[in-house]
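Worksheet for the structure shown next.
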Amino acid sequence: MIAEGVAPPVSSSRVKGSPVRAIQIDRFGTPDVLSLVEAPQPEPGPEEVVIRTVATSINPVDDKTREGAIGEGTPPLPMTLGWDLAGIVVDGGSSGLRAGERVIAMSHQLSSGRGTWADLVALPAQAVAAAPEAVSLVEAATLPLAGLTALQTLDWLAVSAGERLLVAGAAGAVGGLALQIARARGIEVDALVSRDAQVAFAHGHGAGLVATDSSDLQERSYDAVFDTFGAFVTEAVADGGRYASIATQAGPVPDLSARGVRTTVNQVREDGAGLNELTRLVDRGSLHLRVHSTFGLHEIQAAHERFLQGSLAGKITVTF
Ligand SMILES: NC(=O)c1ccc[n+]([C@@H]2O[C@H](COP(=O)([O-])OP(=O)(O)OC[C@H]3O[C@@H](n4cnc5c(N)ncnc54)[C@H](OP(=O)(O)O)[C@@H]3O)[C@@H](O)[C@H]2O)c1
């Protein structure tokens, strides 16, 4: 693990043709299948931007992909992993982004096979946005996937100011951002968390009631429920309300149509406009980003081992 310190200057140029470093797997398994390899430079297509990666973060999907738990739809091996990226534009193409700009991006690695854990990454311009100015690129690397999931799911739930929202898993990466975004929108938020150590975080970020036991939640009282871990606390949602899960692995939300409740299992999408909104929230001070610990690229196996241990308060970031 490395301490946060003064980062070396990051080059916004590249020597065409020379290989880049990338974190790849050529088989599925425990963290020791992760290796640092030399890979060809990406060739940008039309409307694509080339970015030099400064930092990334580990998401549950990276862990599941490495294990081979995704199954159908996994990109072919060998593959470069990674969805999150914070870095510096090297070639903005026709996007309007200029070389040297600080940016964030999310790559839907499972559908495109384009992982962000490489020195240089080419991504569609519409998946890229300006990075927040108020935080470091290491902190910014915690934002793209978790933030877009929070934002897009809140948009599906269409909760308006004055309505009541329950966030289950409100101290997690997605839940913690969903809680803060909802509060910034004037929504009343209660929280379900897994342990006493998370109660102060949820209160401190604007939650009203914070429960560690779902039986403490008032029945049929929430206009909307945002479920980040497959809690399926369906008794908490009001008749006629909305219930969104993001826990794909837990399967569909039970059918609540008899009570007039709309349900979904939401899937995150690449979304530069959404990233711009998240950047504005960070720069306004409405969204606080949490780094649990930072590892160097050579420590990627140790970073995954720490991720697997759980009990995190913030995200694990990796610097290039
Ligand atoms: N569908 C999509 O597009 C999408 C996008 C992003 C994430 N996801 C999925 O969403 C889930 C959450 O992602 P994340 O990055 O936010 O993970 P995370 O940071 O690990 O957050 C999960 C949170 O849920 C809490 N939790 C787990 N079991 C609980 C329980 N029984 N009661 C109360 N809280 C509980 C965890 O607490 P502890 O720390 O105590 O375990 C943690 O705070 C993952 O399964 C991920 O794969 C899906």
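Residue numbers start at 1 and run along the sequence shown. All ligand and atom numbering here is 1-based and tracks the order in the structure. Scope of the values below: all heavy atoms of this structure, side chains included, with no hydrogens, waters or symmetry mates.
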Presence of salt bridge, [Y] and [X], under 4.0 angstrom:
X: Arg185; Y: Glu277; result: yes
X: Arg114; Y: Glu270; result: no
X: Glu38; Y: Arg21; result: no

Give the atom numbers and elements of ligand 1 that come within less than 4.0 Å of a heavy atom of [X].
X: Arg195; answer: 38 (P), 39 (O), 40 (O)
X: Gln249; answer: 45 (O)
X: Thr228; answer: 10 (O), 11 (C), 12 (C)
X: Gln198; answer: 37 (O), 38 (P), 39 (O), 40 (O), 43 (O)
X: Thr248; answer: 1 (N)
X: Ala173; answer: 15 (O), 16 (O), 18 (P), 19 (O), 21 (O)
X: Ala171; answer: 43 (O)
X: Gly169; answer: 24 (O)

Do other residues, nucleotides or ligands put more than 12 heavy atoms under 6.0 Å from [X] [atom1]?
X: His298; atom1: NE2; answer: no
X: Glu133; atom1: CD; answer: no
X: Glu47; atom1: CD; answer: no
X: Arg195; atom1: CZ; answer: yes

Before signing off on this row, confirm whether [X] and ligand 1 have an N or O atom pair separated by under 3.5 Å.
X: Pro60; answer: no
X: Thr149; answer: no
X: Ser311; answer: no
X: Asn266; answer: yes

**Prompt:** Honestly, is Arg259 close enough over Tyr243, meaning NZ or CZ under 6.0 Å from the six-membered ring centre and within 45° of the axis?
**Reply:** no

For ligand 1, the portion of [X] having any non-hydrogen atom under 4.0 Å away:
X: Val174; answer: both
X: Lys64; answer: side chain
X: Val265; answer: neither

Identify, for [atom], the protein heavy atom at the shortest distance, and state residue, atom and that distance.
atom: atom 9 (C) of ligand 1; result: Ile246 O, 3.7 Å
atom: atom 42 (C) of ligand 1; result: Gly172 CA, 3.9 Å
atom: atom 38 (P) of ligand 1; result: Ser194 OG, 3.4 Å

**Asked** How many angstroms lie between OG in Ser160 and CD1 in Ile187, if you round to the nearest 0.5 Å?
**Response**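 Ser160 OG to Ile187 CD1: 7.0 Å, rounded to 0.5 Å.
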
**Fill in**
So OG1 of Thr142 and CG of Asn59: to nearest 0.5 Å the spacing works out to 9.5 Å

**Item:** Test item, Lys315 contacting ligand 1 (heavy atom, 4.0 angstrom)
**Value:**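 Under 4.0 Å: no for Lys315.
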
**Prompt:** Does Ala247 come within less than 4.0 Å of ligand 1, judged by its heavy atoms?
**Reply:** no

**Message:** Determine whether Val253 and Phe232 satisfy the following criterion, side chain to side chain contact (heavy atoms under 4.5 Å, CB included), listing intermediate values before the conclusion.
**Reply:** CA-CA 7 Å; Val253 181; Phe232 297 145; 3.9 Å; yes

**Asked** Regarding Asp32 and Thr30, is there a side-chain donor-to-acceptor distance under 3.5 Å anywhere?
**Response** yes

**Item:** Distance-only donor-acceptor check, side chains Thr294 and Thr317, under 3.5 Å
**Value:**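 Thr317 and Thr294 do have a side-chain donor-acceptor pair below 3.5 Å.
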
**Item:** Pick from Val268, Leu110, Leu145: the one approaching atom 6 (C) of ligand 1 most closely through a non-hydrogen atom
**Value:** Leu145

**Prompt:** For atom 28 (N) of ligand 1, which candidate among Phe229, Phe307, Trp83 holds the nearest heavy atom?
**Reply:** Phe229

**Prompt:** Heavy atoms of the protein only: does one fall short of 4.0 Å from atom 34 (N) of ligand 1?
**Reply:** yes

**Request:** Please work out whether the ring planes of His108 and Trp83 are parallel, tilted or perpendicular, with thresholds of 30° and 60°.
**Result:** tilted

